[in-house]
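Have a look at the structure below, then the notes.
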Amino acid sequence: MKPIYSLAAAPALMAAVAVFAVPSGAQSTPAGGAQAFAMCAACHTVAKGGRNGIGPNLSGLIGRRAGSVPGFSYSPGMKSSGLTWDAKTLDQFLAAPAKKVPGTKMPISVSDPAKRAAVIAYLTTATAK
C-alpha cells in the first residue's frame, strides 16, 4: 500500500516538528545529533530494512544516489537530481531543500548550521550499512 503524500499537511507537520527544537548549541556529534534527528523521525526511519514513511528510509544513506530507495515515490526532481548523499550534499539539501532539488517533496529545512551538523553526524553513523 502506497502512503499518501500531501504538501497541504506541511504547515501542520512543521508546527508539530517545532516541539522537537534542539538548542542551537547542539553538538555536531552522533550523540548530539540523535536529539536533533527527532524532528526528522516524524517522516524518516534509519533502521536497516525499515519502512518508508512520508520520507524514505535513510538506512545506507551516505554514498547512496538520491531517489533510489525501492518502493518510495520520489519527486521527478529528486529522481533526476544526480546527487549522491555525503556530508556536503546533505548540508546543502537540509539548509534549503527546494533550492538544492527543485520540486522535492521535502517541506522542512534546517536553517541552523549547528543543528544541521548534528543531524549529519547522527545520520553518518546511524544509517551506516
Side-chain angles (χ1 to χ4, degrees):
M1 179 174 178
K2 278 189 164 182
I4 297 172
Y5 302 99
S6 171
L7 290 181
L13 178 61
M14 290 170 64
V17 166
V19 172
F20 297 106
V22 176
S24 66
Q27 296 177 332
S28 22
T29 64
Q35 182 182 4
F37 184 78
M39 67 179 177
C40 310
C43 299
H44 297 280
T45 58
V46 296
K48 185 175 182 176
R51 64 170 177 71
N52 290 320
I54 293 172
N57 176 284
L58 300 178
S59 179
L61 178 67
I62 304 300
R64 183 172 76 205
R65 284 194 54 89
S68 65
V69 172
F72 186 77
S73 177
Y74 288 98
S75 67
M78 187 61 77
K79 286 183 194 176
S80 65
S81 70
L83 298 176
T84 297
W85 297 118
D86 60 21
K88 180 179 177 182
T89 304
L90 279 169
D91 186 57
Q92 295 167 346
F93 181 71
L94 292 173
K99 183 177 179 183
K100 185 69 177 171
V101 180
T104 184
K105 293 179 182 180
M106 173 98 154
I108 298 172
S109 63
V110 183
S111 59
D112 183 311
K115 290 178 188 175
R116 277 197 316 274
V119 169
I120 293 166
Y122 172 75
L123 287 173
T124 299
T125 59
T127 66
K129 293 180 183 178

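Both backbone and side-chain heavy atoms feed into the values below; hydrogens, waters and symmetry mates do not.
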Checklist line | Qualifying residues under salt bridge (Lys or Arg N to Asp or Glu O under 4.0 Å), relative to Asp91, sequence neighbours excluded | finding: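 For Asp91, the residues satisfying salt bridge (Lys or Arg N to Asp or Glu O under 4.0 Å) (neighbours in sequence not counted) are Arg116.
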Checklist line | Non-neighbouring partners of Thr124 that pass side-chain contact (heavy atoms from CB on, under 4.5 Å), sequence neighbours left out | finding: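 Residues passing side-chain contact (heavy atoms from CB on, under 4.5 Å) with Thr124: Ile62, Ile120.
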Note to self: Show me the pairs that pass ring pair (Phe, Tyr, Trp, His ring centres under 6.0 Å) and involve residues 91-119, at least two apart or across chains.
What the structure shows: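 Counting only pairs at least two positions apart or across chains, the ring pair (Phe, Tyr, Trp, His ring centres under 6.0 Å) contacts touching residues 91-119 are Trp85-Phe93.
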Without swapping roles, check the side chain of [X] against the backbone of [Y] for a donor-acceptor pair under 3.5 Å.
X      : Y      : value
His44  : Asn57  : no
Thr104 : Val101 : no
Tyr74  : Val69  : yes

Check: Out of Asn52, Thr45, Thr127, which residue meets the side-chain contact (heavy atoms from CB on, under 4.5 Å) rule with Leu58?
Finding: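 Output: one option passes, namely Thr127.
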[atom1] of [X] to [atom2] of [Y]: how many Å apart, nearest 0.5 Å?
X      : Y      : atom1 : atom2 : value
Leu94  : Leu123 : CG    : CG    : 7.5 Å
Ser73  : Met78  : OG    : CE    : 12.0 Å
Ser109 : Lys115 : OG    : NZ    : 10.5 Å
Leu90  : Lys100 : CG    : NZ    : 10.5 Å

Specify the closest pair of heavy atoms between [X] and [Y], including all atoms of both residues, with the distance to one decimal.
X     : Y      : value
Ala47 : Ser59  : O-CB, 3.6 Å
Arg64 : Ser68  : CG-OG, 3.2 Å
Val46 : Tyr122 : CG2-OH, 3.8 Å

